[in-house]
S.K.: 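One structure, as structure tokens, below. Some questions next.
Residue indices begin at 1 and follow the sequence shown.
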Amino acid sequence: MEKMNVRLMVVMMVMSLVLGFSSAVDFRWRKTGGFFTRAVSSVVFPVHGNVYPLGYYNVTINIGQPPKPYYLDLDTGSDLTWLQCDAPCVRCLEAPHPLYQPSSDLIPCNDPLCKALHSNGNQRCETPEQCDYEVEYADGGSSLGVLVRDVFSLNYTNSLRLTPRLAIGCGYDQIPGASSHHPLDGVLGLGRGKVSILSQLHSQGHVKNVIGHCLSSLGGGILFFGNDLYDSSRVSWTPMSRENSKHYSPAMGGELLFGGKTTGLKNLMTVFDSGSSYTYFNSKAYQAVTYMIKRELSGKPLKEARDDHTLPLCWQGRRPFMSIEDVKKYFKPLALSFKTGWRSKTLFQIPPEAYLIISMKGNVCLGILNGTEIGLQNLNLIGDISMQDQMIIYDNEKQSIGWIQADCDELASLKATYLYEY
């Protein structure tokens, strides 16, 4: 009884950190074995990593029989989850764990998941008994392999064990991307497609088709599947795009604000992408932002640090900066305004601490980059840096994207076994 009460207390603490308690919160109590427990159906993962200097966030997931741990990079910008795989491996990158030994459960070419993965009509069936895949990323990285099914060992927040068989990629040929500078076991594809882990769990009836993350600016955070960890009435929501169904993109293009005032840049096609450490604006928006920032810094005790190549644009002060707190007073907040109805709008705030980093040299650098230069054309990516210290929610059930300020560091520190039993 004592253990159950403590577990319940920890889950309730998570709720309070995000939203504070309210009578409007639906706790959905049920009686189980003589005790009252919260009927939860969410799966929560501790997140590790940071925007800088690591440049990635990942989670540990146990896969296979017997289960073995793998570090997977979070990526809401792609669907397929894949592991570097000893099939044997033709070309594999440095990995923190031994290569995945694939299960013998090959997914055939005519499987619905294989067809969904090749929805662009590029499906090839050289061997009908297996489903070949190739995924390419914006930074030039790629993975080539075959689809298999294997067992995932997961826990609900009420500690019930979940062991579904899910489709993953056995990647035997990887090319590193320009931004991939760390050892990795694979990628956790969290996109909107049918082959994503979330979609598969939902189709098997295990969780609601909702995903969220809370990334701390101090490093770490949480990732969750399901809709038990937030009060929807306190979240700022905007509808998802039905045209851009491959990405988590607001239905209406955003309007860019600088210092609370419009920049005149509207209808910016925007994607929320946890697979990108930094935020990318199209060339026009990027040039406008850098112009306005430089204009604001005129006369301030900052000058461009041309010898600091951490990011394209850095500034140095009279002495090295220790944290963003030392310098954020010189920078104005950004925001993206999205229409949520005929006359209503919602703001996605990007304060200075959500677009600046402090480099190893003690300079302050702009974490917004020119996406047009790397082939994103007119697309604007909201990367990890601008999603820090907010709970970002992708509700595929209601076709909405939401956000709410949260103490992600405190959430990450709640690593009691009652919440994270891995």
Side-chain angles (χ1 to χ4, degrees), residues 41-43 45 59 61 63 70 72-83 85 100 102-103 105-125 127-138 142-152 154 162-171 186-213 223-227 239-251 271-275 392-401:
S41 57
S42 291
V43 179
F45 307 90
V59 296
I61 296 187
I63 302 172
Y70 298 97
L72 302 183
D73 286 10
L74 308 184
D75 189 11
T76 57
S78 65
D79 295 334
L80 182 66
T81 293
W82 57 266
L83 297 172
C85 180
Y100 168 66
S103 76
D105 190 0
L106 282 172
I107 293 179
C109 193
N110 63 356
D111 189 281
L113 286 179
C114 187
K115 293 180 179 179
L117 186 62
H118 299 91
S119 58
N120 56 5
N122 196 27
Q123 184 177 11
R124 59 175 188 266
C125 286
T127 306
E129 293 78 21
Q130 70 184 43
C131 176
D132 299 302
Y133 79 84
E134 182 175 12
V135 290
E136 297 179 344
Y137 301 97
S142 66
S143 175
L144 180 70
V146 296
L147 289 192
V148 299
R149 279 191 176 89
D150 212 336
V151 175
F152 279 58
L154 309 172
L162 180 63
T163 56
R165 294 188 69 85
L166 304 174
I168 57 173
C170 162
V187 169
L188 183 64
L190 302 170
R192 298 171 68 181
K194 293 182 179 178
V195 77
S196 79
I197 293 299
L198 174 66
S199 295
Q200 291 184 64
L201 286 171
H202 173 66
S203 68
Q204 295 179 21
H206 297 303
V207 296
K208 293 285 188 180
N209 198 357
V210 178
I211 185 174
H213 54 70
L223 167 74
F224 62 89
F225 301 158
N227 64 348
M240 282 187 197
S241 170
R242 298 189 182 276
E243 287 73 30
N244 188 9
S245 59
K246 290 186 177 181
H247 299 108
Y248 291 114
S249 181
V271 172
F272 288 76
D273 184 2
S274 69
I392 310 294
I393 304 158
Y394 313 91
D395 189 336
N396 293 294
E397 307 251 335
K398 298 179 180 178
Q399 291 292 292
S400 296
I401 303 171

S.K.: How long is the span from the CE atom in Met240 to the OG atom in Ser249, to the nearest 0.5 Å?
M.R.: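 Reported to 0.5 Å precision, the distance equals 10.0 Å.
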
S.K.: Checking side chain to side chain contact (heavy atoms under 4.5 Å, CB included) for the pair Leu188/Phe45: CA distance, chi angles, key distance, verdict?
M.R.: CA-CA 12 Å; Leu188 183 64; Phe45 307 90; 5.7 Å; no

S.K.: Decide side chain to side chain contact (heavy atoms under 4.5 Å, CB included) for Ile211 and Tyr248; before the verdict, give the C-alpha distance in whole Å, the side-chain angles of both, and the deciding distance to 0.1 Å.
M.R.: CA-CA 11 Å; Ile211 185 174; Tyr248 291 114; 3.9 Å; yes

S.K.: Checking Ser241 side chain against Asn244 main chain: does a donor-acceptor pair fall under 3.5 Å?
M.R.: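 The answer is yes, because a donor-acceptor pair under 3.5 Å joins these two groups.
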
S.K.: What distance separates Ser199 OG from Leu190 CG, expressed to the nearest 0.5 Å?
M.R.: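 Reported to 0.5 Å precision, the distance equals 9.5 Å.
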
S.K.: Looking only at the SG atoms, are Cys131 and Cys109 under 2.5 Å from each other?
M.R.: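 The answer is no, since Cys109 and Cys131 keep their SG atoms 2.5 Å or more apart.
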
S.K.: Backbone N or O of Thr76 within a donor-acceptor pair of the Ser274 side chain at under 3.5 Å?
M.R.: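 Checked: pair present.
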
S.K.: Look only at the side chain of His202 and the backbone of Lys208, and say whether a donor-acceptor pair between them is shorter than 3.5 Å.
M.R.: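 No: the side chain of His202 does not pair with the backbone of Lys208.
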
S.K.: Does the side chain of Tyr137 come under 3.5 Å of the side chain of Ser143 through a donor N or O and an acceptor N or O?
M.R.: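 Side chains of Tyr137 and Ser143: no pair found under 3.5 Å.
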
S.K.: Checking Ser103 side chain against Arg149 main chain: does a donor-acceptor pair fall under 3.5 Å?
M.R.: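 At least one qualifying donor-acceptor pair exists.
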
S.K.: With respect to Phe225, which candidate in Val210, Ile197, Asn209 satisfies the side chain to side chain contact (heavy atoms under 4.5 Å, CB included) definition?
M.R.: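 Of the listed residues Val210, Ile197, Asn209, the side chain to side chain contact (heavy atoms under 4.5 Å, CB included) partner of Phe225 is Ile197.
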
S.K.: Measuring only between side-chain heavy atoms, which start at C-beta, is Asp150 closer than 4.5 Å to Asp105?
M.R.: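 They are not in contact (no side-chain heavy atoms under 4.5 Å apart), so the answer is no.
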
S.K.: Are Tyr394 and His213 close enough that their ring centers fall under 6.0 Å?
M.R.: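 Yes; His213 has its ring centre under 6.0 Å from that of Tyr394.
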
S.K.: So, do Asn396 and Leu198 sit near enough that their side-chain heavy atoms are less than 4.5 Å apart?
M.R.: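 Yes - at least one pair of side-chain heavy atoms lies under 4.5 Å apart.
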
S.K.: Can you tell me how far apart CH2 (Trp82) and CG (Leu144) are? Round to the nearest 0.5 Å.
M.R.: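 CG of Leu144 is found 11.0 Å from CH2 of Trp82.
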
S.K.: For the backbone of Ala167 and the side chain of Gln200, can you confirm whether one donor and one acceptor N or O come within less than 3.5 Å of each other?
M.R.: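 At least one qualifying donor-acceptor pair exists.
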
S.K.: Does a side-chain heavy-atom distance below 4.5 Å link Val146 with Leu106?
M.R.: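 In short, these two side chains touch, coming nearer than 4.5 Å.
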
S.K.: Evaluate Asp79 against Lys194 for side chain to side chain contact (heavy atoms under 4.5 Å, CB included), listing each step before the verdict.
M.R.: CA-CA 8 Å; Asp79 295 334; Lys194 293 182 179 178; over 6 Å; no

S.K.: Whether the Gln399 and Arg192 side chains hold a donor-acceptor pair (N or O, under 3.5 Å, no angle test) is what I'd like checked.
M.R.: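 Yes, side-chain donor-acceptor contact under 3.5 Å.
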
S.K.: Would you mind reporting whether Leu80 and Leu147 have side-chain heavy atoms less than 4.5 Å apart?
M.R.: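 In contact.
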
S.K.: Hey, does Tyr100 have a side-chain heavy atom less than 4.5 Å from the side chain of Val148?
M.R.: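 Of all side-chain heavy-atom pairs linking Tyr100 with Val148, at least one is under 4.5 Å.
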
S.K.: Is there a side-chain contact between Tyr133 and Cys114, using heavy atoms and a 4.5 Å cut-off?
M.R.: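 SC-SC contact between Tyr133 and Cys114 ruled out.
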
S.K.: Give, for atom CD1 of Ile63 and atom CD1 of Ile168, the distance between the pair rounded to the nearest 0.5 Å.
M.R.: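 So the CD1 of Ile63 and the CD1 of Ile168 are separated by 5.0 Å.
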
S.K.: Let me confirm one number: the NE2-CG distance from His206 to Leu154, rounded to the nearest 0.5 Å.
M.R.: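 If I round to the nearest 0.5 Å, the distance is 9.0 Å.
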
S.K.: Start with the C-alpha distance between Thr81 and Leu166, add both sets of side-chain angles, then the distance that settles side chain to side chain contact (heavy atoms under 4.5 Å, CB included), and finish with yes or no.
M.R.: CA-CA 10 Å; Thr81 293; Leu166 304 174; over 6 Å; no

S.K.: Would you confirm whether Gln204, through its side chain, and Arg165, through its main-chain N or O, come within 3.5 Å as a donor-acceptor pair?
M.R.: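 Present.
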
